[in-house]
Protein chains: 2
Amino acid sequence: MPTESRALSRVDGPNNQLLGSLDPDVYRRLASQLELVPMIRDQSICLPGSKLSHAYFPVSCVISLVHMLEGGATGESAVIGNEGMLGVAIFTGGYTMATEASVQIEGNAYRVSAEALMDEFNRSESTRNHLLRYTLALFAQTSQTAVCNRHHSVQQRLCRRLLLTLDRLPGNELHLTQEQIAITLGVRREGISEAASRLQSVGLITYKRGKITVLDRNGLEAYACECYQVVKEECERLENTPALPRKQHPYSVERRRRVRPPPPEVTRLPRH
Amino acid sequence: MPTESRALSRVDGPNNQLLGSLDPDVYRRLASQLELVPMIRDQSICLPGSKLSHAYFPVSCVISLVHMLEGGATGESAVIGNEGMLGVAIFTGGYTMATEASVQIEGNAYRVSAEALMDEFNRSESTRNHLLRYTLALFAQTSQTAVCNRHHSVQQRLCRRLLLTLDRLPGNELHLTQEQIAITLGVRREGISEAASRLQSVGLITYKRGKITVLDRNGLEAYACECYQVVKEECERLENTPALPRKQHPYSVERRRRVRPPPPEVTRLPRH
DNA sequence: ATGCTTATGTGACCGAGCGCACAGACAGCC
DNA sequence: GGCTGTCTGTGCGCTCGGTCACATAAGCAT
């Protein structure tokens with residue numbers, strides 16, 4: 001990870017991986033324009049439809065892209081942490097996003113003006129490659145979430161969501177309330193309460209008033225739906241240049257009625 | 001819409017809007033490389049993980065991006081028609097997609113090799129702008145679908161899906177079976193049967209063995225969830241250069257518990 | 001301590017949509 | 001014509017998660 005800039009070396013935590021993947025000279029130019037800003041919990045970085053003045057590269061915070069429907073129902077389309085950035089809409093055109101971006105877990109982020117980012121984007125193919133690869137990873141995450149929301153249980157999605165957050169932070173503690181999780185998963189707070197209680201009773205996590213501690217990461221993966229692995233693998237694949245070949249997926253919609261895949265091995269907890 | 005190429009003027013139906021939005025000289029160069037290919041129903045254009053050799057610009061067909069989960073459950077993340085293209089993964093890096101793309105409604109499409117498309121993408125900022133704007137529109141659609149899947153009824157989503165398809169085709173007939181729709185919405189075929197039957201009984205549509213005729217487009221919009229309008233408006237906004245300002249969205253997750261938005265006006269059909 | 005606010009636990013009831021198991025009905029083909 | 005495969009309609013029991021309505025508890029300020 002580059003550490004050229006004095007401003008950047010102030011940070012004690014890990015840096016942002018997407019920034020770190022840029023070519024050294026690009027990074028050097030950008031570094032002089034980066035500001036380290038504190039991101040406070042539940043802060044709305046940008047409301048849906050408002051123009052993005054800056055792109056944010058999380059260092060120790062986690063940002064959630066959330067939709068709110070008429071009537072107040074909510075749902076998240078993607079999580080952003082130190083692997084990526086908030087603001088792909090800047091270089092994909094439009095400067096505005098359809099979703100609200102809010103800080104789910106407090107921490108720091110680097111930010112850079114939309115204009116400076118666009119300059120670099122237009123300046124080199126390599127920079128475009130990195131930023132657009134991340135865009136594709138974000139797309140994959142959103143896309144998987146769409147299907148996950150449709151088919152997986154609250155408990156499975158809770159596990160997935162905890163793991164995704166954990167991957168973006170050091171340590172094994174998450175400062176999250178059940179209400180916050182409920183908003184991202186688009187379910188009732190009580191639903192999270194029940195699912196979390198079950199996970200605690202089998203020793204996967206402990207939690208207490210807004211702090212969740214993951215005790216058994218592997219166990220949590222076993223209870224999560226496949227979506228966690230799918231998203232994670234796609235992210236890792238796209239972080240590498242040139243692209244790694246992707247694992248072939250054995251199923252095809254074309255054959256849905258003919259070749260049914262084998263039933264899944266159910267790894268669900270009993271209700272009580 | 002440009003009609004420079006002899007090859008292109010053979011088409012009787014409408015051309016592809018994304019192609020048509022490109023600068024005339026870019027379009028001219030691409031046109032010589034475009035092939036008009038027939039897209040047959042349920043054909044899988046690319047399996048998840050396989051490399052995209054071509055980008056496809058639908059003219060009279062509709063393509064669906066579908067996920068299949070372990071166990072065979074399915075769900076669509078986006079619809080692509082003559083407003084856009086299949087293959088944004090080509091220029092966003094990786095050349096491979098995480099989803100399967102299959103032809104939902106037969107017709108024609110232009111295709112161009114991935115390399116030729118990349119050449120143009122790197123050649124001008126204007127071309128990048130157009131292609132990336134469409135990418136953002138696709139992202140917005142996927143993102144909205146994620147939340148829609150979570151909160152809206154089968155009937156609402158059926159209406160949304162019919163309207164999205166209708167927008168991408170001339171006329172008011174859709175060659176779609178209930179089974180195909182069920183796959184995209186990720187529900188049982190029987191569920192579509194019930195919802196469609198209700199829509200027919202109030203005179204919004206008629207249908208018969210794989211052919212759906214929309215009788216009352218406005219009525220259908222009233223029964224659809226908000227997601228249809230949201231996606232449509234975002235697409236229209238992004239088709240214009242420079243970007244039109246986006247309608248401000250009145251809700252904010254930040255305030256979810258404090259300022260509850262007013263309850264929605266329920267425009268749902270009774271179950272029977 | 002004494003409250004107050006925020007976070008979490010629980011239970012009763014209900015409804016949309018699922019799985020399953022059929023029964024018709026239409027279209028193409030020999 | 002009759003056969004066959006595809007498409008559509010219907011009923012029944014079940015379950016997850018939603019709504020509503022509280023109870024409890026942990027942290028914080030005075």
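Order of the sequence lines fixes the chain letters, A, B, ..., with proteins taken first and strands second; residue numbering starts at 1 for each chain.
For the residue pair B/S102 / B/Q43, no side-chain donor-acceptor distance below 3.5 Å is found, with atom types taken as modelled. Looking only at atom types and distance, the side chain of B/Q104 has no donor-acceptor partner in the side chain of B/R41 under 3.5 Å away. Under 3.5 Å, the side chains of A/E221 and A/Q229 contain a donor-acceptor pair of N or O atoms. Side-chain atoms of A/S64 and A/E76 form a donor-acceptor pair, as typed in the model, at a separation below 3.5 Å. In this structure, a donor-acceptor pair under 3.5 Å is present between the side chains of A/T165 and A/R161.
Atom CG of B/L158 is separated from atom C1' of C/dA16 by 15 Å (rounded to the nearest Å). Between the P atom of C/dA7 and the CD1 atom of A/I212 lies a distance of 13 Å, rounded to the nearest Å. Rounded to an integer number of Å, the gap from OH of B/Y207 to C1' of C/dA27 is 18 Å. Atom-to-atom, CD of B/E190 to C1' of C/dC20 comes out at 9 Å; the value is rounded to the nearest Å. Residue B/R188 contributes atom CZ, which lies 18 Å from atom P of D/dC7 at whole-angstrom precision. C/dA16 atom P lies 20 Å from atom CG of A/N149, rounded to whole Å. When the P atom of C/dC20 is taken as reference, atom CD of B/E194 falls 17 Å away, rounded to whole Å. Per the geometry, CD1 belonging to B/I183 stands 12 Å off P belonging to D/dT8, to the nearest Å.
For the pair A/Q178 and C/dG9, the criterion of a side-chain N or O lying under 4.0 Å from OP1 or OP2 is met. Between B/R150 and D/dG18, a side-chain N or O to OP1/OP2 separation shorter than 4.0 Å is present. Neither OP1 nor OP2 of C/dT8 sits under 4.0 Å from any side-chain N or O of A/S193.
If A/R209 and A/H152 are placed on DNA chain D by their nearest nucleotide, the residue sitting closer to the 5' end is A/H152. Of the two residues contacting DNA chain C, namely A/K211 and B/K208, the nearest-nucleotide position lying further toward the 5' end is that of A/K211.
Counting any heavy atom pair closer than 4.0 Å across all strands shown, A/G210 reaches sugar-phosphate atoms only and no base atom.
Listed nucleotides D/dT8, D/dG27, C/dT10 differ in distance to B/R189; the shortest reach to its side chain belongs to D/dT8. Among the nucleotides D/dG17, D/dC7, C/dA7, the one closest to any side-chain atom of A/V154 is D/dG17.
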